[in-house]
Engineer: 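Mind having a look at this structure? Questions to follow.
For ligands, and for the atoms within them, numbers begin at 1 and follow the listed sequence. Just so it is clear, the structure is predicted and the values come from calculations on it, not from any experiment.
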Amino acid sequence: MNKTIIITGASSGIGKATAESLISTGANLVLASRKIEKIQKFAEKYPDSVLLHKTDVTKKDDVDALVEAAKQRFGSVDVLINNAGLGSFRELQMADTNEWDTMIDTNIKGVLYCFNAVLPHMITQEKGHIINIASVAAHDVFPNAVVYCATKHAVLAISKGIRLEFQDKIKVTTISPGAVNTGFLENTLSTEEDKEERREYFKEGLTPDVIAQNIRFAIEQPDEVAISEIIVRPQR
Ligand SMILES: NC(=O)c1ccc[n+]([C@@H]2O[C@H](COP(=O)([O-])OP(=O)(O)OC[C@H]3O[C@@H](n4cnc5c(N)ncnc54)[C@H](OP(=O)(O)O)[C@@H]3O)[C@@H](O)[C@H]2O)c1
């Protein structure tokens with residue numbers, strides 16, 4: 001596959017599994033996250049086709065520099081996978097508004113900044129594919145995760161909006177996983193007690209490879225085929 005693909009949140013979980021799957025397609029990968037050293041070893045195995053870029057998606061300058069670096073190195077950006085994200089499990093009454101800010105900045109503004117940075121390039125090349133990792137929390141609302149659900153509802157709304165405004169040029173795929181056994185739970189902003197309550201639930205979730213396969217499926221479609229929505233849950 002002769003494509004250049006940016007993956008945000010590539011340092012663990014779904015992002016890392018997606019990089020590991022896509023590398024065998026022959027794509028050029030631009031892997032972005034804050035703790036980029038976590039995938040240094042992987043990148044070193046593929047010096048010609050992997051570029052690492054330390055990026056905080058909540059910082060617009062970082063995101064603009066990421067897209068610029070991708071274009072400089074590989075000449076184009078064909079696919080953007082907006083995967084970076086995080087959550088928290090807490091009752092609304094126990095609000096920590098800093099957590100709300102972090103979720104909104106990462107899950108919503110991060111997606112918008114990345115979209116904004118690739119847009120001019122995708123318009124010029126009259127082609128592009130944006131894959132947004134939402135969640136079943138984009139389709140439903142769960143108690144103790146209301147703000148996370150709101151951010152993922154926003155991701156779904158943004159995806160639909162991009163599809164409507166750019167349907168002749170840009171493909172948009174929203175992938176909404178149920179529980180996936182990644183670093184997600186440990187990386188949530190929740191308390192140890194809240195995490196402990198949910199450990200079993202996430203442990204029995206999908207492997208990140210399953211989500212990677214679905215992402216790859218969407219990318220490998222012919223130009224004239226767009227996969228708009230995928231919801232994938234563990235069969236419990
Ligand atoms: N696991 C699940 O059950 C599940 C279910 C539905 C949807 N999702 C969604 O799937 C996506 C990936 O999550 P995961 O399950 O793979 O969890 P994960 O293992 O915790 O991975 C999250 C990734 O996001 C990155 N990230 C967080 N904040 C960032 C920031 N400000 N800038 C750049 N990167 C940032 C992290 O990298 P750094 O810390 O290195 O920056 C990490 O690579 C998220 O959007 C999540 O909401 C997960």
Engineer: Could you tell me, atom by atom, which parts of ligand 1 come under 4.0 Å of a heavy atom of Phe202?
Structural biologist: 3 (O)

Engineer: Quick one: which of Gly205, Pro234, Gly9 has a heavy atom closest to atom 25 (C) of ligand 1?
Structural biologist: Gly9

Engineer: How far is atom 28 (N) of ligand 1 from its nearest protein heavy atom, and which residue and atom is that?
Structural biologist: Arg34 NH2, 3.2 Å

Engineer: Where on Ser176 is there a heavy atom closer than 4.0 Å to ligand 1, on the side chain, on the backbone, on both, or on neither?
Structural biologist: neither

Engineer: For atom 6 (C) of ligand 1, what's the nearest protein heavy-atom neighbour? Residue, atom name and distance, please.
Structural biologist: Pro177 O, 3.2 Å

Engineer: Working to the nearest 0.5 angstrom, can you tell me the gap between Arg34 CZ and Lys59 NZ?
Structural biologist: 9.0 Å

Engineer: Hey, mind stepping through Leu189 and Leu86 against side-chain contact (heavy atoms from CB on, under 4.5 Å) and telling me if it holds?
Structural biologist: CA-CA 8 Å; Leu189 307 163; Leu86 80 178; 4.1 Å; yes

Engineer: Of the side chain and backbone of Val57, name the one, both, or neither that has a heavy atom under 4.0 Å from an atom of ligand 1.
Structural biologist: both

Engineer: Under 4.0 Å from a heavy atom of Tyr148: which atoms of ligand 1 are those, numbered in the order shown and with their elements?
Structural biologist: 7 (C), 8 (N), 46 (C), 47 (O)

Engineer: Please classify the Lys152 to ligand 1 contact at 4.0 Å (heavy-atom distances, strictly less than): side chain, backbone, both or neither.
Structural biologist: side chain

Engineer: Under a 3.5 Å cutoff, is there a donor and acceptor pairing between the side chains of Arg216 and Ser24?
Structural biologist: yes

Engineer: Can you report which non-hydrogen protein atom sits closest to atom 14 (P) of ligand 1, along with the distance?
Structural biologist: Thr182 OG1, 3.4 Å

Engineer: Under the criterion side-chain contact (heavy atoms from CB on, under 4.5 Å), I'd like the reasoning laid out for Thr58 against Lys109: C-alpha separation, chi angles, the key distance, then a yes or no.
Structural biologist: CA-CA 6 Å; Thr58 69; Lys109 286 162 78 176; over 6 Å; no

Engineer: Can you pull out the closest protein heavy atom to atom 31 (N) of ligand 1? Residue, atom name and distance to 0.1 Å, please.
Structural biologist: Asp56 OD1, 2.9 Å

Engineer: Return the minimal non-hydrogen interatomic distance between Phe202 and Ala179, and the atom names on each side.
Structural biologist: CD2-CB, 4.2 Å

Engineer: Using a strict 4.0 Å cut-off to heavy atoms of Ile14, name the atoms of ligand 1 that fall inside it.
Structural biologist: 10 (O), 15 (O), 16 (O)

Engineer: To the nearest 0.1 Å, how far is atom 34 (N) of ligand 1 from its closest protein heavy atom, and which atom is that?
Structural biologist: Ala84 CB, 3.5 Å

Engineer: Can any side-chain N or O of His153 pair as donor or acceptor with the backbone N or O of Ala137 at less than 3.5 Å?
Structural biologist: yes

Engineer: Taking the side chain from Thr25 and the backbone from Ile23, do they hold a donor-acceptor pair closer than 3.5 Å?
Structural biologist: no

Engineer: Would a distance-only check, ignoring hydrogens and angles, find a side-chain to backbone donor-acceptor pair under 3.5 Å from Thr191 to Asp194?
Structural biologist: yes

Engineer: Please give me the minimum heavy-atom distance between Ser12 and Lys38, naming the atom from each residue.
Structural biologist: CB-NZ, 4.0 Å

Engineer: Using a strict 4.0 Å cut-off to heavy atoms of Gly85, name the atoms of ligand 1 that fall inside it.
Structural biologist: 22 (C), 24 (O), 44 (C), 45 (O)

Engineer: Quick one: look up the protein heavy atom nearest atom 2 (C) of ligand 1 and list residue, atom name and how far away it is.
Structural biologist: Val180 N, 3.5 Å

Engineer: Apply the side chain to side chain donor-acceptor pair (under 3.5 Å) test between Ser159 and each candidate in Thr173, Asn132, Asn82; give the one that qualifies.
Structural biologist: Asn132

Engineer: Do any nitrogen or oxygen atoms of Val136 lie less than 3.5 angstrom from nitrogen or oxygen atoms of ligand 1?
Structural biologist: no

Engineer: Would you mind checking which non-hydrogen protein atom is closest to atom 39 (O) of ligand 1, with the distance to 0.1 Å?
Structural biologist: Lys35 NZ, 2.8 Å

Engineer: State whether Tyr148 and Arg90 meet the cation-pi test: NZ (Lys) or CZ (Arg) under 6.0 Å from the six-membered ring centroid, and within 45° of the perpendicular axis.
Structural biologist: no

Engineer: Would you say Ala137 contacts ligand 1, with heavy atoms under 4.0 Å as the rule?
Structural biologist: no

Engineer: Please verify whether a non-hydrogen atom of Ala179 lies at under 4.0 Å from ligand 1.
Structural biologist: yes

Engineer: If you measure from each heavy atom of Thr55 to ligand 1, is any distance below 4.0 Å?
Structural biologist: yes

Engineer: Looking only at non-hydrogen atoms, which of Gly178, Ser135, Ala32 approaches atom 5 (C) of ligand 1 most closely?
Structural biologist: Gly178

Engineer: Does Glu192 come within less than 4.0 Å of Lys195, counting only side-chain N to carboxylate O?
Structural biologist: no

Engineer: Considering only heavy atoms of Ser12, which atoms of ligand 1 have at least one such atom less than 4.0 Å away?
Structural biologist: 18 (P), 19 (O), 21 (O), 42 (C), 43 (O)

Engineer: Starting from atom 43 (O) of ligand 1, find the nearest protein heavy-atom neighbour and note its residue, name and distance.
Structural biologist: Ser11 OG, 2.8 Å

Engineer: With heavy-atom distances below 4.0 Å as the criterion, list the atoms of ligand 1 near Gly13.
Structural biologist: 16 (O), 19 (O)

Engineer: Heavy atoms only, cut-off 4.0 Å: how does Asn83 contact ligand 1, side chain, backbone, both, or neither?
Structural biologist: both

Engineer: May I ask you to check whether over 12 heavy atoms, not counting those of Glu193, lie within 6.0 Å of atom CD?
Structural biologist: no

Engineer: Does atom CZ of Phe142 have more than 12 heavy-atom neighbours, drawn from other residues, nucleotides or ligands, at distances under 6.0 Å?
Structural biologist: yes

Engineer: Could you check whether any heavy atom of Ala17 sits closer than 4.0 Å to an atom of ligand 1, since that is the contact criterion I want to use?
Structural biologist: no

Engineer: Could you pull out the closest heavy-atom pair between Leu31 and Ile36, with the gap in Å?
Structural biologist: O-CD1, 3.3 Å

